[in-house]
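Each chain gets a letter, A, B and so on, in the order the sequences are listed, and its residues count up from 1. Everything numeric here is computed off the predicted structure, so don't read it as measured data.
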Number of protein chains: 2
Amino acid sequence: MNISEAAKRSGLSSKTIRYYESIGLVKVAKRSDNGYRDYSESDVEALRFLQRARATGFGIEECRQLLGLYDNEQRHSSHVKSLVLEKVEQVESQIAELQAMRNTLNTLASRCAGDEGPHCAILDELSTLGEEESNLEEGK
Amino acid sequence: MNISEAAKRSGLSSKTIRYYESIGLVKVAKRSDNGYRDYSESDVEALRFLQRARATGFGIEECRQLLGLYDNEQRHSSHVKSLVLEKVEQVESQIAELQAMRNTLNTLASRCAGDEGPHCAILDELSTLGEEESNLEEGK
DNA sequence: CTTGACCTTATAGTTGCTGGAAGCTTTAGT
DNA sequence: ACTAAAGCTTCCAGCAACTATAAGGTCAAG
């Protein structure tokens with residue numbers, strides 16, 4: 001099958017598939033007589049695997065590791081599990097960071113009148129934030 | 001003051017300050033006789049403002065808008081507030097995405113024995129995930 | 001036989017910096 | 001006075017993970 005079919009079935013774009021090939025994440029596709037890439041079912045399976053793994057939050061290099069384990073009959077499932085648990089930690093710290101941002105933003109917004117006038121607590125606080133021991137967090 | 005002093009006071013790195021100048025986010029710094037950039041207190045104020053805004057989750061282009069409002073005496077605080085509220089929405093949808101990821105990862109991990117054997121539910125599910133109407137979310 | 005959809009490669013752009021090289025000036029120590 | 005270290009300058013490359021664009025070859029339908 002052509003690349004666009006493989007793209008549709010895997011949930012990746014054609015561009016992304018070519019990109020993955022170029023960085024050696026998937027093996028080089030075989031070519032038809034016309035020079036077009038030609039994919040088999042098992043190629044699509046690998047592409048799907050990658051699509052899932054990326055959507056689940058793994059980076060490219062982590063996907064490379066996962067694919068290596070996927071292909072390795074000698075693997076230990078503990079190894080795979082530890083990759084996943086490590087990723088959970090990373091994702092959780094990202095969440096915490098974003099939540100802190102959201103809280104700061106909400107506090108900023110709540111202090112701003114949001115009217116026609118030029119005075120704006122948001123701008124005031126963005127320029128001084130942190131100077132007087134962050135009254136933002138404590139809601140003073 | 002020299003760039004490294006401005007960096008220390010603003011919380012940005014010297015590289016970042018030069019970068020902001022190069023993209024026109026801050027005005028071109030005036031130079032001392034030796035060719036070194038020379039910053040005033042008010043330059044540092046703008047840099048601090050940027051540092052805060054970036055840390056609070058605004059992108060470069062959004063910072064440009066905020067700085068424009070900061071410098072504009074004719075602004076309406078409602079305009080600033082709507083930028084902030086829009087950003088809250090963006091941050092919240094990022095959080096939701098990451099939470100979904102974390103849940104998927106946790107479910108994957110819980111199904112994996114994590115032992116010396118090669119069988120691994122994580123790899124199984126990454127390769128088929130979504131095919132049978134996602135048993136992952138429902139914990140079947 | 002032409003139109004349009006597909007395929008190919010190669011290159012550049014995205015975001016927000018960071019790192020390094022090469023070459024100034026300034027500063028501190030001997 | 002000399003030297004070494006630190007700080008400044010510019011410019012170019014690179015990171016992630018693609019996406020976009022250009023310029024061209026191929027294929028199926030009407």
Discussion item. Just to be sure I understand the geometry, which residues of residues 83-92 of chain B put a non-hydrogen atom under 4.0 Å away from DNA chain D?
Written reply: none
Worksheet entry | DNA chain D contacts made by residues 59-69 of chain A, counting heavy atoms under 4.0 Å | A/G59, A/I60
Worksheet item: Run the side-chain contact (heavy atoms from CB on, under 4.5 Å) check on A/L69 and A/H76 step by step: do they pass?
Response: CA-CA 9 Å; A/L69 289 165; A/H76 289 182; over 6 Å; no
Item to complete: Kindly indicate, with the supporting measurements, whether the criterion side-chain contact (heavy atoms from CB on, under 4.5 Å) is fulfilled by B/S127 and A/R52.
Response: CA-CA 7 Å; B/S127 64; A/R52 308 299 183 198; over 6 Å; no
Which atoms of nucleotides 8-10 of chain D (N or O only) lie under 3.5 Å from a protein N or O atom, and what are those distances?
from   : atom 1 : to    : atom 2 : distance (Å)
D/dC8  : OP1    : B/S4  : N      : 3.1
D/dC8  : OP1    : B/S4  : OG     : 2.8
D/dT9  : OP1    : B/R37 : N      : 2.8
D/dT9  : OP1    : B/R37 : NH1    : 2.9
D/dT9  : OP2    : B/R18 : NE     : 2.9
D/dT9  : OP2    : B/R18 : NH2    : 2.8
D/dT9  : OP2    : B/R37 : NH1    : 3.4
D/dT9  : O3'    : B/R31 : NH1    : 3.4
D/dT10 : OP1    : B/R31 : NH2    : 2.9
D/dT10 : OP2    : B/R37 : NH1    : 3.1
D/dT10 : OP2    : B/R37 : NH2    : 2.8

Worksheet, complete the sentence: Heavy-atom nearest pair, B/I17 first then B/S10, reads CD1-OG, 4.2 Å
Item to complete: Could you tell me whether the side chain of A/L108 reaches within less than 4.5 Å of the side chain of B/K81, counting heavy atoms only?
Response: no
Fill in: A/S77 and B/D115: CA distance, side-chain angles, deciding distance, side-chain contact (heavy atoms from CB on, under 4.5 Å) verdict
CA-CA 6 Å; A/S77 73; B/D115 59 17; 3.1 Å; yes
Discussion item. Could you tell me the boundaries of the chain A footprint on DNA chain C, defined by atoms under 4.0 Å from its heavy atoms?
Written reply: C/dC6 to C/dT9
Item to complete: Let me see the working for A/R9 and A/E41 under salt bridge (charged side-chain N to carboxylate O under 4.0 Å, His left out), right down to the final yes or no.
Response: CA-CA 10 Å; A/R9 294 205 202 177; A/E41 290 302 333; 2.8 Å; yes
Item to complete: Sorted by first residue and then second, give each side-chain hydrogen bond (donor to acceptor under 3.5 Å, both in side chains) pair with at least one member in residues 16-30 of chain B; sequence neighbours left out.
Response: B/S13-B/T16, B/E21-B/R37, B/K27-B/D43, B/K30-B/D38
Worksheet item: Are A/Y39 and A/N2 close enough, and set up right, to give a side-chain contact (heavy atoms from CB on, under 4.5 Å), and what steps lead you there?
Response: CA-CA 6 Å; A/Y39 294 91; A/N2 282 349; over 6 Å; no
Discussion item. Whole angstroms only, please: what is the OH-P distance between A/Y19 and D/dA16?
Written reply: 7 Å
Item to complete: Consider only side-chain N and O atoms of A/E45 and A/Y70, and report whether a donor and an acceptor are under 3.5 Å apart.
Response: yes
Item to complete: Identify whether A/V44 and A/Y36 are in the same connected component of the hydrophobic contact network (ILVMFWY, side-chain heavy atoms under 4.5 Å).
Response: no
Discussion item. Quick test of your reading of the model: are B/E61 and B/R64 salt-bridged, counting only N-O distances below 4.0 Å?
Written reply: yes
What side-chain donor-acceptor pairs closer than 3.5 Å can you find for residues 83-91 of chain B, not counting sequence neighbours?
from  : atom 1 : to    : atom 2 : distance (Å)
B/K87 : NZ     : B/G57 : O      : 3.4
B/K87 : NZ     : B/E62 : OE1    : 2.9
B/K87 : NZ     : B/E62 : OE2    : 3.2
B/K87 : NZ     : B/Q90 : OE1    : 2.9

